[in-house]
S.K.: 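Pasting a structure here, questions to come.
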Amino acid sequence: MLRLSSRNWCAPKAVAQLKGPVRQKSARSGSRGGTNQADQRILAQLYALSAHRKLPKVLKYSPEDLVKHNVIHRAWMFYKSEQRRERENALKVQYECMKEACDDLEQVSPELFKKATTRPRTVRFPREIRIPTDTPPNVPWDSSWKRSSENKK
Amino acid sequence: MRALTGRSISKRCMSIKAGAILSRMPVITKELDDFEISYYNYTSELEKRLMWTFPQKFFFRPGSLAERDFEELQTRPAGAEKLVYYPFGRPDVVEGRDRNSKQDIRLPAPSYDPEDKSSMSRPIEPNSRITDADKKNDLKSLERALDKPLYLVVKEKSSSSWVFPTFSINEDSALHTAAEEGLFTTGGPDMNIWTVSNTPALVQKLSEDRVYYIKSHILAGSFKLSRSSDYIDFMWLSSSEIPKHVSSDLWNCVNKILN
């Protein structure tokens with residue numbers, strides 16, 4: 001039993017909360033089983049999607065297969081890290097090229113350098129750019145695009 | 001001080017030009033190499049092996065026609081018999097699936113009218129990754145080599161050598177605006193061009209002259225060479241094809257910023 005200290009003894013609301021769960025009759029329950037047809041249907045659907053009797057056996061590799069699996073995994077990680085390294089190097093080279101061009105431009109023509117390095121207030125990223133997909137669209141390239149008055153440069 | 005030295009150099013300089021590296025970004029993903037194909041195959045098979053059994057009762061109500069059609073296509077593995085030796089492991093069949101291997105599910109093909117091209121049930125036919133322009137090796141087409149970025153190269157009228165387009169700069173115009181306007185005057189206005197930045201990506205130093213290259217992308221439209229321009233021909237080339245056409249000096253300079 002829960003003992004109440006003298007300090008909160010005279011708090012009837014708190015005592016009522018501490019009494020524990022009270023069995024209440026659900027307003028929706030109509031059938032004898034305690035749940036109605038709609039609830040039973042949802043329960044059946046949840047059961048159909050549950051993991052019960054659907055889990056595969058735990059995969060047990062033999063020592064040889066485990067070595068093979070680890071080799072494949074390590075090779076893939078190495079391959080990806082090589083790709084990442086190449087990409088970072090390419091970006092570094094591109095940045096160096098840009099820096100060299102800017103330093104040279106500053107020496108050659110300060111006016112052009114100022115125009116080239118002032119950042120525009122708003123940068124518009126084009127919505128027309130599409131992400132590469134596995135297969136091309138029905139029309140691979142929109143070559144009949146016309147400059148209208150709306151998209152004037 | 002810097003401004004003074006700058007002015008003194010710019011007087012000595014013969015000309016400053018804005019070059020344009022106009023590229024068409026890849027439309028399709030790059031070709032997978034053999035290692036990638038086999039790795040993806042391995043992981044997908046592993047994933048299928050570790051997948052839960054297909055919740056058939058959720059998708060096909062027991063006793064319905066749909067369930068019968070589905071059931072006709074499935075091949076159910078036989079359960080383990082007593083006193084039988086299984087060299088590759090005893091089958092452990094639960095809910096019509098051998099828990100030691102992946103489940104092979106075959107779905108009934110939906111009926112569709114072959115005449116109706118807009119039917120939602122028609123089988124998906126992906127477009128070929130190799131286009132007509134690839135087969136004809138049409139170097140002027142933007143529909144070629146869809147998995148690689150293509151770059152615009154033009155043939156000079158004076159020296160008849162292949163270069164990246166360069167344009168002279170007017171008074172009070174910036175490098176990127178000169179490059180953009182130059183592209184529109186040589187290639188016609190019907191191109192949707194996005195210049196990535198107004199900062200030059202590369203400088204080509206030719207004794208006293210300077211060419212600053214600006215990177216931009218073509219998003220739609222096509223490059224149609226105008227007769228009044230300084231160039232007589234153009235091509236869209238991938239970075240592996242460029243060194244066959246341009247001079248080695250230019251290639252060694254530009255190669256660093258091409259993908």
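Basis for what follows: all heavy atoms, side chains included, without hydrogens, waters or symmetry-related copies. Since the structure is predicted, the reported quantities are computational estimates derived from the model, not experimental observations. Every chain is numbered from 1, with letters handed out A, B, ... down the list of sequences.
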S.K.: Report yes or no: does B/Asn198 contribute a side-chain atom to a donor-acceptor pair with the main-chain N or O of A/Thr118 at less than 3.5 Å?
M.R.: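 Yes; at least one donor-acceptor contact below 3.5 Å.
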
S.K.: B/Asp172 versus chain A, heavy atoms under 4.5 Å apart: side chain, backbone, both or neither?
M.R.: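 Interface part for B/Asp172: both.
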
S.K.: Report the distance from atom OG1 of B/Thr43 to atom NE2 of A/His73, rounding to the nearest 0.5 Å.
M.R.: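 Output value for this atom pair is 11.5 Å.
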
S.K.: Which one of A/Ala44, A/Ala90, A/Ala51 has the most heavy-atom pairs closer than 4.5 Å to chain B?
M.R.: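 Looking at each of A/Ala44, A/Ala90, A/Ala51 in turn, A/Ala51 comes out on top.
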
S.K.: Let me know if B/Glu36 has heavy atoms under 4.5 Å from chain A in its side chain, its backbone, both or neither.
M.R.: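 B/Glu36 touches chain A through backbone and side-chain heavy atoms alike.
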
S.K.: Closest approach of A/Pro137 and B/Val27, non-hydrogen atoms and distance?
M.R.: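 Here A/Pro137 and B/Val27 meet closest at CD-CG1, 3.8 Å.
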
S.K.: Any side-chain heavy atom of A/Val108 within less than 4.5 Å of one from B/Tyr212?
M.R.: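 Yes, close enough: below the 4.5 Å cut-off.
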
S.K.: Report which part of B/Ser101 has an atom under 4.5 Å of a heavy atom belonging to chain A: side chain, backbone, both, or neither.
M.R.: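 Neither part, no heavy atoms under 4.5 Å.
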
S.K.: Is it the side chain or the backbone of B/Arg49 that comes within 4.5 Å of chain A heavy atoms, both, or neither?
M.R.: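 Both backbone and side chain of B/Arg49 come within 4.5 Å of chain A.
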
S.K.: How about CZ on A/Arg130, more than 12 heavy atoms from neighbouring residues, nucleotides or ligands closer than 6.0 Å, or not?
M.R.: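 Yes, the 6.0 Å shell around CZ holds more than 12 heavy atoms from other groups.
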
S.K.: Which one of A/Ile129, A/Thr117, A/Ile131, A/Val139 has the most heavy-atom pairs closer than 4.5 Å to chain B?
M.R.: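 Option with the top pair count is A/Ile129.
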
S.K.: Just so I understand: if I count every heavy-atom pair under 4.5 Å between each of B/Lys57, B/Gln204, B/Gln103, B/Arg129 and chain A, which residue has the most?
M.R.: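 Counting heavy-atom pairs under 4.5 Å, the top option is B/Arg129.
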
S.K.: Heavy-atom count around B/Arg90 CZ within 6.0 Å, excluding the residue itself: above 12?
M.R.: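 Yes.
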
S.K.: Heavy-atom distances under 4.5 Å only: say whether B/Asp33 touches chain A with side chain, backbone, both or neither.
M.R.: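 For B/Asp33, side-chain heavy atoms alone lie under 4.5 Å from chain A.
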
S.K.: How close do A/Ala116 and B/Pro200 get, counting heavy atoms only, and between which atoms?
M.R.: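 Where A/Ala116 meets B/Pro200 most closely, the heavy atoms are CB-CD, 3.8 Å.
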
S.K.: Counting only non-hydrogen atoms closer than 4.5 Å, does B/Ile218 touch chain A with its backbone (N, CA, C, O), its side chain (CB onward), both, or neither?
M.R.: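 Both the backbone and the side chain of B/Ile218 come within 4.5 Å of chain A.
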
S.K.: Given that the side chain runs from C-beta out, which part of A/Val123 has a heavy atom under 4.5 Å from chain B: side chain, backbone, both or neither?
M.R.: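 Looking at A/Val123, nothing touches chain B.
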
S.K.: How long is the gap from OG1 on B/Thr199 to NZ on A/Lys115, to the nearest 0.5 Å?
M.R.: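 Reported value, rounded in 0.5 Å steps: 14.5 Å.
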
S.K.: Measuring from atom CZ of B/Arg97 to atom CG of A/Leu55, what distance do you get when rounded to the nearest 0.5 angstrom?
M.R.: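 Between atom CZ of B/Arg97 and atom CG of A/Leu55 there are 9.0 Å.
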
S.K.: Give, for atom CG of B/Leu32 and atom CG of A/Asp134, the distance between the pair rounded to the nearest 0.5 Å.
M.R.: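 One gets 7.5 Å once the value is rounded to the nearest 0.5 Å.
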
S.K.: If you measure from CD1 on B/Ile257 to SG on A/Cys97, what distance do you get to the nearest 0.5 Å?
M.R.: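 Separation between the atoms: 6.5 Å.
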
S.K.: Are the side chains of A/Leu105 and B/Val203 in contact, using a 4.5 Å heavy-atom criterion?
M.R.: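 No, side chains not in contact.
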
S.K.: Taking the side chain as C-beta and beyond, is there a heavy-atom pair between A/Glu100 and B/Lys205 under 4.5 Å?
M.R.: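 They are in side-chain contact.
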
S.K.: Are side-chain heavy atoms of B/Trp194 and A/Glu128 found at a separation under 4.5 Å?
M.R.: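 B/Trp194 vs A/Glu128: side chains apart.
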
S.K.: Of all the heavy-atom pairs spanning A/Ser143 and B/Ser222, show the shortest one and how long it is.
M.R.: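 What the structure gives for the nearest pair is O-OG, 3.4 Å.
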
S.K.: Is any side-chain heavy atom of A/Arg127 less than 4.5 Å from a side-chain heavy atom of B/Leu219?
M.R.: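 Of all side-chain heavy-atom pairs linking B/Leu219 with A/Arg127, none is under 4.5 Å.
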
S.K.: Surrounding CD of B/Glu125 (heavy atoms of other residues, nucleotides or ligands, distance under 6.0 Å), is the total greater than 12?
M.R.: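 Not buried by this count: 12 neighbours or fewer within 6.0 Å.
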
S.K.: Please say whether more than 12 non-hydrogen atoms of neighbouring residues, nucleotides or ligands are located less than 6.0 Å from NZ in A/Lys54.
M.R.: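 Yes, the 6.0 Å shell around NZ holds more than 12 heavy atoms from other groups.
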
S.K.: What closest approach, in Å, do B/Trp52 and A/Leu49 show between heavy atoms, and which atom pair accounts for it?
M.R.: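 Taking every non-hydrogen atom into account, CZ3-O, 3.6 Å.
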
S.K.: Would you mind checking which part of A/Leu112 comes under 4.5 Å of any heavy atom in chain B, side chain (CB onward), backbone (N, CA, C, O), both or neither?
M.R.: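 Interface part for A/Leu112: side chain.
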
S.K.: Which class fits the ring pair A/Tyr79 and B/Phe35: parallel under 30°, tilted 30 to 60°, perpendicular over 60°?
M.R.: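 Ring orientation, 0 to 90° scale: perpendicular.
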
S.K.: Is it the case that atom CD in A/Glu82 sees more than 12 heavy atoms from other parts of the structure closer than 6.0 Å?
M.R.: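 Counting neighbours around CD of A/Glu82, more than 12 heavy atoms of other residues, nucleotides or ligands fall under 6.0 Å, so yes.
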
S.K.: Of all of A/Val93, A/Thr135, A/Asp104, which one pairs up most often with chain B through heavy atoms under 4.5 Å apart?
M.R.: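 The candidate making the most pairs under 4.5 Å is A/Asp104.
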
S.K.: CD/B/Glu95 to NE2/A/His52 distance, rounded to the nearest 0.5 angstrom?
M.R.: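 If I round to the nearest 0.5 Å, the distance is 8.5 Å.
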
S.K.: Do you know the tightest heavy-atom contact between A/Ala48 and B/Phe58?
M.R.: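 Heavy atoms of A/Ala48 and B/Phe58 come nearest at CB-CB, 3.9 Å.
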
S.K.: Heavy-atom distance under 4.5 Å between the side chains of B/Arg210 and A/Gln107, does that happen here?
M.R.: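 A side-chain contact under 4.5 Å is absent here.
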
S.K.: If you count heavy atoms of other groups shown closer than 6.0 angstrom to CZ of B/Arg76, is the number above 12?
M.R.: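 Yes, the 6.0 Å shell around CZ holds more than 12 heavy atoms from other groups.
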
S.K.: Provide the closest heavy-atom pair for B/Ile28 versus A/Pro136 in the form atom of the first, atom of the second, distance.
M.R.: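 Reported closest heavy-atom pair: CG2-N, 3.4 Å.
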
S.K.: Do the side chains of A/Asp142 and B/Asn192 get nearer than 4.5 Å, heavy atoms only?
M.R.: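 SC-SC contact between B/Asn192 and A/Asp142 ruled out.
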
S.K.: Given the options B/Pro126, B/Ser141, B/Ala201, which has more heavy-atom pairs under 4.5 Å with chain A than any of the others?
M.R.: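 Among B/Pro126, B/Ser141, B/Ala201, the one with the most close pairs to chain A is B/Ala201.
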
S.K.: Of the backbone (N, CA, C, O) and the side chain (C-beta and beyond), which part of A/Ala75 lies under 4.5 Å from a heavy atom of chain B, both, or neither?
M.R.: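 Both parts, backbone and side chain.
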
S.K.: Count the heavy atoms belonging to other residues, nucleotides or ligands that lie under 6.0 Å from CG of A/Leu91, then report whether that count exceeds 12.
M.R.: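 Yes - once you tally the heavy atoms of other residues, nucleotides and ligands closer than 6.0 Å, there are more than 12.
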
S.K.: Going by the angle between their ring planes, with limits at 30° and 60°, are A/His69 and B/Tyr42 parallel, tilted or perpendicular?
M.R.: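 Because their plane-to-plane angle lies in the 30° to 60° range, the rings of A/His69 and B/Tyr42 count as tilted.
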
S.K.: Are there more than 12 heavy atoms of other residues, nucleotides or ligands under 6.0 Å from atom NZ of A/Lys114?
M.R.: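 Open.
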
S.K.: For residues B/Val94 and A/Lys57, determine if any side-chain heavy atom of one lies less than 4.5 Å from a side-chain heavy atom of the other.
M.R.: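 Counting from C-beta outward, B/Val94 and A/Lys57 never come under 4.5 Å.
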
